[in-house]
Protein chains: 2
Amino acid sequence: MVTLAEVAQHAGVSASTVSYVLSGKRSISAATRQRVERSIRELGYHPNAGARALAGKRSNIVALMVPLRTDMYVPVMMEIAIAVATTARAHGYDVLLLTGEEGPDAVRRVTGSGLADAMILMDVQLEDERLPLLLGTGQPSVLIGLPADTAGLTCVDLDWSATGALCVEHLAGLGHRDIAVIGEAPAVYERHTGFAERTLDGVRSRARETGVRVLHRPCEGGYDALALTLARIFDERPGTTGFVVQNESAVEPLLALLRQQGRAVPEDVSVVAICPDQVAVQASVRLTSVAIPAPEMGRQAVERLVAKLDGRGGDEVVLLTPELTVRASSGPAPAAP
Amino acid sequence: MVTLAEVAQHAGVSASTVSYVLSGKRSISAATRQRVERSIRELGYHPNAGARALAGKRSNIVALMVPLRTDMYVPVMMEIAIAVATTARAHGYDVLLLTGEEGPDAVRRVTGSGLADAMILMDVQLEDERLPLLLGTGQPSVLIGLPADTAGLTCVDLDWSATGALCVEHLAGLGHRDIAVIGEAPAVYERHTGFAERTLDGVRSRARETGVRVLHRPCEGGYDALALTLARIFDERPGTTGFVVQNESAVEPLLALLRQQGRAVPEDVSVVAICPDQVAVQASVRLTSVAIPAPEMGRQAVERLVAKLDGRGGDEVVLLTPELTVRASSGPAPAAP
DNA sequence: TTGAAAGCGCTAACAA
DNA sequence: TTGTTAGCGCTTTCAA
């Protein structure tokens, strides 16, 4: 293993000079710099991470806490994680992967040990048990997702309320008066996951404004569960002509069942999905959808975090504006029978 | 920040005693141990990771390199990653998340800096450019996936060849004589991804043994791509009655199109999927399938890696035995017309 | 523009 | 069973 001292000797300079060449924290003559850089290359030197962290008091690592559960749309999580890792690297940080399993303890451990300089939390609940701790330690952090109380926190999220509203607006604008929302699994609502509840809020308030009726049903996803849910919906509201789907694993079953029941999309019923674009275009009917901008969420989270670590920028809530793309699954409401 | 020295002072012992209480590397009297543990608790002490890594020469971190691409089944990747993180924690290791983006450089960086003690590589290609480096550095590592040459390497993977054989065997046993394999996207084969090619090998050799005919077609996934692929298959082999699908995003389109064409599953055609169980049971027809044991793969990889780091166990290739679960999508071949 | 030297917090000989 | 101490490789004053 090559050390900084060896590089210094090889280049005929002092250790501190090598250190400063590396960090750029003081000016070095061109000649010296080149000699040092050459030695570094020739010896294949890599600074020791542990020594750096110890002396420099920063590990250049950010921790990313991902949920353990997989009852929500997993590819979105993965996309966020990959975007976080990629963006972090671009800023010179590595990413430590923590699962929700350890819960709040992980926050303590990582903070206390100086393993990471900062944390990004995914899948934040409205009342999240990790938050008091995070506020207590004063650890720089960014949440992906919005808790109920954002005081003193930096959060990045899609504006789910606006997303819900946008879906309703689109359908209402097409003349639909009876809309059903097929949501995430019941458990998601039970643990008060912000995005799910906020979407619903947005849906409902815009529904009120536009005078359309809304029926919300959580759904486990898969064919059997959806068949039941759909039956209940048409039973209760036979005049339903618009659907908002916020559950990846319900999208395809919904389209299949509607087809099976002889309800044409978009002639008889319209469907708007909240999902990544890739899902929307790969479905059996190209779906009108509001995209979940997963990579942008990951990127933004890291940018904010780096800003905090650099002493720039403080707490803030970043809400990404939803965008609806009209595709083949939505059209004018059929004339009333 | 609380240091070991402070704990030592608080407990009235020397620093080394505290260190040994923590590491268990020498016997400590019960009385002393309790005093130290009490001080640790009271002061809220957490060992500094950097100092530990520097003095102890191990970071207690393993690096996990995940592919950047997402043209393969993402939830499987995520499940593996989560299993790796969880299992690693159980052994006292943290996980550093590296994306494929940096390529081989990441191997150099992590190795050289002592950031991680070992690496796990996912999505290994048959000829993977990271491997020579890995062998060169002598960094302990485990691959998830099998390269062409496994000399000197430890690998964990599903036995894809046996998986392919198992699928054919099942269909052949039911009397199917003409089988089509709907595979991953062409790009996956073009870059010589081991699992895809090996599955095909297994399929073909068992087909030869059982005397069935096989037609393989890569497929991008999604409805449009699959419709084309399916048309070509029936065009070329009108008598096809058995399908093996190894592409998550082709499963549902296949079922839908078959239905649409009036081909009943499993009465007219049988379908065997290679996918996680969850996908198999959530499909519109409960699928006979060979499960991809993602969590087991992640777990095994970590177990092997830890064994290596502990000086136990050397190179080996761990092939997990595939298991086929019969569900509703496969049945006896229809009588020849 | 450069060098010397004092730590950073911990581990692991070596001693007792 | 416990204590003393010399580093681990780097950053960063302080001095020149």
Side-chain angles (χ1 to χ4, degrees), chain A residues 1-37 39-40 43-61 92 94 109-117 309, chain B residues 1-37 39-40 43-61 92 94 109-117 309:
Chain A
M1 191 203 153
V2 188
T3 69
L4 181 144
E6 292 172 315
V7 173
Q9 185 167 22
H10 185 271
V13 298
S14 73
S16 60
T17 298
V18 177
S19 177
Y20 284 120
V21 166
L22 252 32
S23 71
K25 286 188 181 170
R26 84 179 177 191
S27 48
I28 305 280
S29 73
T32 307
R33 150 164 293 120
Q34 279 169 11
R35 247 178 327 127
V36 170
E37 281 169 349
S39 299
I40 289 177
L43 299 179
Y45 168 72
H46 284 274
N48 180 283
R52 255 199 171 163
L54 180 55
K57 310 203 172 308
R58 323 166 107 272
S59 62
N60 285 299
I61 290 177
D94 270 296
R109 193 169 59 84
V110 168
T111 304
S113 66
L115 229 188
D117 299 329
L309 286 169
Chain B
M1 190 204 155
V2 186
T3 69
L4 181 145
E6 292 173 317
V7 173
Q9 186 168 24
H10 186 270
V13 299
S14 73
S16 60
T17 298
V18 177
S19 177
Y20 285 119
V21 166
L22 251 30
S23 70
K25 286 188 183 171
R26 79 179 181 192
S27 47
I28 304 280
S29 74
T32 308
R33 148 162 294 119
Q34 280 170 11
R35 247 177 328 126
V36 171
E37 280 168 350
S39 297
I40 288 177
L43 300 179
Y45 168 72
H46 285 273
N48 180 284
R52 252 197 174 164
L54 181 55
K57 307 197 171 315
R58 320 167 109 272
S59 63
N60 285 298
I61 290 179
D94 270 295
R109 191 169 59 83
V110 167
T111 303
S113 66
L115 229 187
D117 299 330
L309 287 168

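Quick note on labels: first sequence line is chain A, next is B, and so on, each numbered from 1.
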Kindly compute the distance separating [atom1] ([X]) from [atom2] ([Y]), expressed to the nearest 0.5 Å.
X        : Y         : atom1 : atom2 : result
Leu4(B)  : Ser39(B)  : CG    : OG    : 11.0 Å
Asn60(A) : Leu309(A) : CG    : CG    : 9.0 Å
Arg52(B) : Leu54(B)  : CZ    : CG    : 13.0 Å

* Asked: Taking all atoms of both residues into account, what is the closest heavy-atom pair of Val2(B) and Tyr45(B), and its distance?
  ->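 It is O-CD1, 3.5 Å.
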* What is the minimum heavy-atom distance between Gly50(A) and Ala53(B), and which atoms define it? ->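 Looking at all heavy atoms of both residues, the shortest contact is CA-CB, 4.2 Å.
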What is the separation between atom [atom1] on [X] and atom [atom2] on [N], rounded to the nearest whole Å?
X        : N       : atom1 : atom2 : value
Gln9(A)  : dG3(C)  : CD    : P     : 13 Å
Glu6(A)  : dC8(D)  : CD    : P     : 11 Å
Arg58(B) : dA12(C) : CZ    : C1'   : 14 Å
Arg35(A) : dT1(C)  : CZ    : P     : 14 Å

Using only atom types and a distance under 3.5 Å, with no angle test, would you say the side chain of [X] pairs donor to acceptor with the backbone of [Y]?
X         : Y        : answer
Asp117(A) : Ser59(A) : yes
Ser19(B)  : Ala15(B) : no
Glu6(B)   : Thr3(B)  : yes

* **Strand-adjacent residues in residues 21-32 of chain A, judged by heavy atoms under 4.0 Å from DNA chain D** =>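 The answer is Lys25(A), Arg26(A).
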* Inspect the surroundings of CD in Glu37(B) and state if more than 12 heavy atoms from other residues, nucleotides or ligands are less than 6.0 Å away. =>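 Yes.
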* Asked: Which part of the nucleic acid, if any, lies within reach of Val13(B) when heavy atoms closer than 4.0 Å are counted: base, sugar-phosphate only, or nothing?
  ->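 If one applies the 4.0 Å heavy-atom cut-off, Val13(B) turns out to touch the sugar-phosphate alone, with no base involved.
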* **Note, Thr32(B) side chain near Tyr20(B) side chain (heavy atom, < 4.5 Å)** =>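 With C-beta onward as the side chain, the pair stays apart.
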* Hey, are the side chains of Asp94(A) and Val110(B) touching, using non-hydrogen atoms and a 4.5 Å cut-off? ->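 Heavy-atom side-chain distance check fails, nothing below 4.5 Å.
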N/O to N/O distances under 3.5 Å, protein versus nucleotides 6-9 of chain C:
from, atom 1, to, atom 2, distance (Å)
dC8(C), O2, Ala55(A), N, 3.4

Could you tell me whether the phosphate oxygens of [N], OP1 or OP2, come under 4.0 Å of any side-chain nitrogen or oxygen in [X]?
X        : N      : value
Ser16(A) : dT2(C) : no
Ser14(B) : dT4(D) : no
Thr17(A) : dG3(C) : yes

* the helix from dT1(C)-dA16(D) to dA16(C)-dT1(D): angle between end helix axes, five pairs per end, rounded to 10 degrees ->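 The angle separating the two end axes equals 30°.
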